[in-house]
2 protein chains.
Amino acid sequence: MATSDNSRQVLLERLQGSGLRPTPQRELVFQSLMAQRDHPTAEEVFARVKSQIPSISLATVYNCLETLVARGLVRSVNFERGPTRYCPNLHPHAHFHDEETGSTHDIDLPDGLLDQVKTILPPGYDASSVEIIFRGKAAQPAGDN
Amino acid sequence: MATSDNSRQVLLERLQGSGLRPTPQRELVFQSLMAQRDHPTAEEVFARVKSQIPSISLATVYNCLETLVARGLVRSVNFERGPTRYCPNLHPHAHFHDEETGSTHDIDLPDGLLDQVKTILPPGYDASSVEIIFRGKAAQPAGDN
DNA sequence: AGTGAGAATTAGAATTGTTCTAAAGTGATT
DNA sequence: AATCACTTTAGAACAATTCTAATTCTCACT
Ligand SMILES: [Mn+2]
Ligand SMILES: [Mn+2]
Ligand SMILES: [Zn+2]
Ligand SMILES: [Zn+2]
């Protein structure tokens, strides 16, 4: 199918373009995130990829995730002091943290909302990023996550 | 002056009202947050209050902060995986994290903005809180923080 | 004022998530 | 084949926070 091949290409290009190697570990970690987009923690990614590469180490998973985030292929999200979660959705979006289930949902942002929100900043404040986090109860799971 | 006496009263009332004791440690931790509203970490609060009560322990500072947050007298804020910071500003506000200085600034929210932002949630999502975090470079320090 | 039960504080151990270190592996380049 | 940079790996180290168990304090009740 197109999606996975396409994103694989993007991955390879981005890594090459930065002088980084497209190792099996990096590819697998990325694939895993793309395949199950439920904002897993590093430990969860580790558990998922072990079946494909049983020798992979947790340190490598952390290394790969860090690389993917640094190359802009993946976003990291934090809720309070919980473990960092990883998200392959590159569209501008907010996060909804369901306090009952612990699950995290992507919320698409209407065009222009981030700019509108930046509007509340007093003069002199230059925001390079805006993050919006909702907490509460989500209704029907309807899909993965 | 009115402010400190007033907030001290609020503190005492809230603690009493929950069957909690207004201990010197709790009062001091709260005072310290009110006096220097720069979003200190627990360690920073610890360092600040030690001069008044040299025997206070870090565990107690954590305990007091947790109590204050639980009673709604103080908010906790997190940036990525950094240490939790504490904020006595109870008005609805966003946070601006200055990436150069590491300082944190409160950004007042225009009335109705949070409700407006909640508007982007699909049906079935019920948000109990919305958090907005800016990251970037702030201009003039102009005051404390 | 004195007592006792529960609440709070304390120091230090334990826990969690993450990063660091040092050694071994990989693969292109000479 | 030797070299070199990059990567992976296991385990140690680390930072922030929470837990534990002992002690101290508070305060309602005598
Ligand atoms: Mn949660
Ligand atoms: Mn920072
Ligand atoms: Zn996401
Ligand atoms: Zn604040």
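No hydrogens, no waters, no symmetry mates; every other heavy atom, side chains included, goes into these values. Every chain is numbered from 1 and lettered A, B, ... according to where its sequence line falls, protein lines coming before strand lines. For clarity, every value in this text was computed on a predicted model and none was experimentally measured.
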Engineer: Flag the pair Glu27(A) and Arg8(A) as a salt bridge only when some basic side-chain nitrogen lies within less than 4.0 angstrom of an acidic carboxylate oxygen.
Structural biologist: yes
Engineer: Does Ser55(B) have a side-chain nitrogen or oxygen under 4.0 Å from the phosphate oxygens OP1 or OP2 of dT9(C)?
Structural biologist: no
Engineer: Applying salt bridge (Lys or Arg N to Asp or Glu O under 4.0 Å), can you list everything that pairs with Arg135(B), at least two apart in sequence or on another chain?
Structural biologist: Glu131(A), Glu80(B)
Engineer: Quick one: pull up OG in Ser57(A) and CZ in Phe46(A) and give me the separation to the nearest 0.5 Å.
Structural biologist: 6.5 Å
Engineer: Would you say a side-chain N or O of Thr23(A) is under 4.0 Å from OP1 or OP2 of dT7(D)?
Structural biologist: no
Engineer: Rounded to whole Å, how long is the line connecting atom CZ of Phe46(B) with atom P of dT18(D)?
Structural biologist: 16 Å
Engineer: Of Pro22(B) and Ile56(A), whose nearest nucleotide on DNA chain D comes first from the 5' end?
Structural biologist: Ile56(A)
Engineer: Can you list the residues that meet the salt bridge (Lys or Arg N to Asp or Glu O under 4.0 Å) rule with Arg75(A), with sequence neighbours excluded?
Structural biologist: none
Engineer: For residues 24-33 of chain A, which residues have at least one heavy atom under 4.0 Å from DNA chain D?
Structural biologist: Gln25(A), Arg26(A)
Engineer: Does any non-hydrogen side-chain atom of Arg85(A) lie less than 4.5 Å from one of Phe79(A)?
Structural biologist: yes
Engineer: Nearest whole angstrom, please: distance from the P of dC6(D) to the CD of Gln16(A).
Structural biologist: 14 Å
Engineer: What's the CD-C1' distance between Glu80(A) and dA16(D), to the nearest Å?
Structural biologist: 15 Å
Engineer: When the ring centroid of His39(B) is compared with that of His105(B), is the distance short of 6.0 Å?
Structural biologist: no
Engineer: Classify every nucleotide of nucleotides 12-30 of chain C by which part a protein heavy atom approaches to under 4.0 Å, writing B for the base, S for the sugar-phosphate alone and - for neither, in 5'-to-3' order.
Structural biologist: B----SBBB-----B----
Engineer: Think Thr60(A) has a side-chain N or O under 4.0 angstrom from the OP1 or OP2 of dT9(D)?
Structural biologist: yes
Engineer: Identify, with sequence neighbours excluded, every residue that meets side-chain contact (heavy atoms from CB on, under 4.5 Å) alongside Asn89(A).
Structural biologist: Arg37(A), Cys87(A), His91(A), His93(A), Asp106(A)
Engineer: Can you give me every donor-acceptor pair (side chain of residues 61-74 of chain B, partner residue at least two apart or in another chain, under 3.5 Å) with its distance?
Structural biologist:
| from | atom 1 | to | atom 2 | distance (Å) |
| --- | --- | --- | --- | --- |
| Asn63(B) | ND2 | Ala59(B) | O | 3.3 |
| Thr67(B) | OG1 | Asn63(B) | O | 3.0 |
| Arg71(B) | NH1 | Ser18(B) | OG | 3.0 |

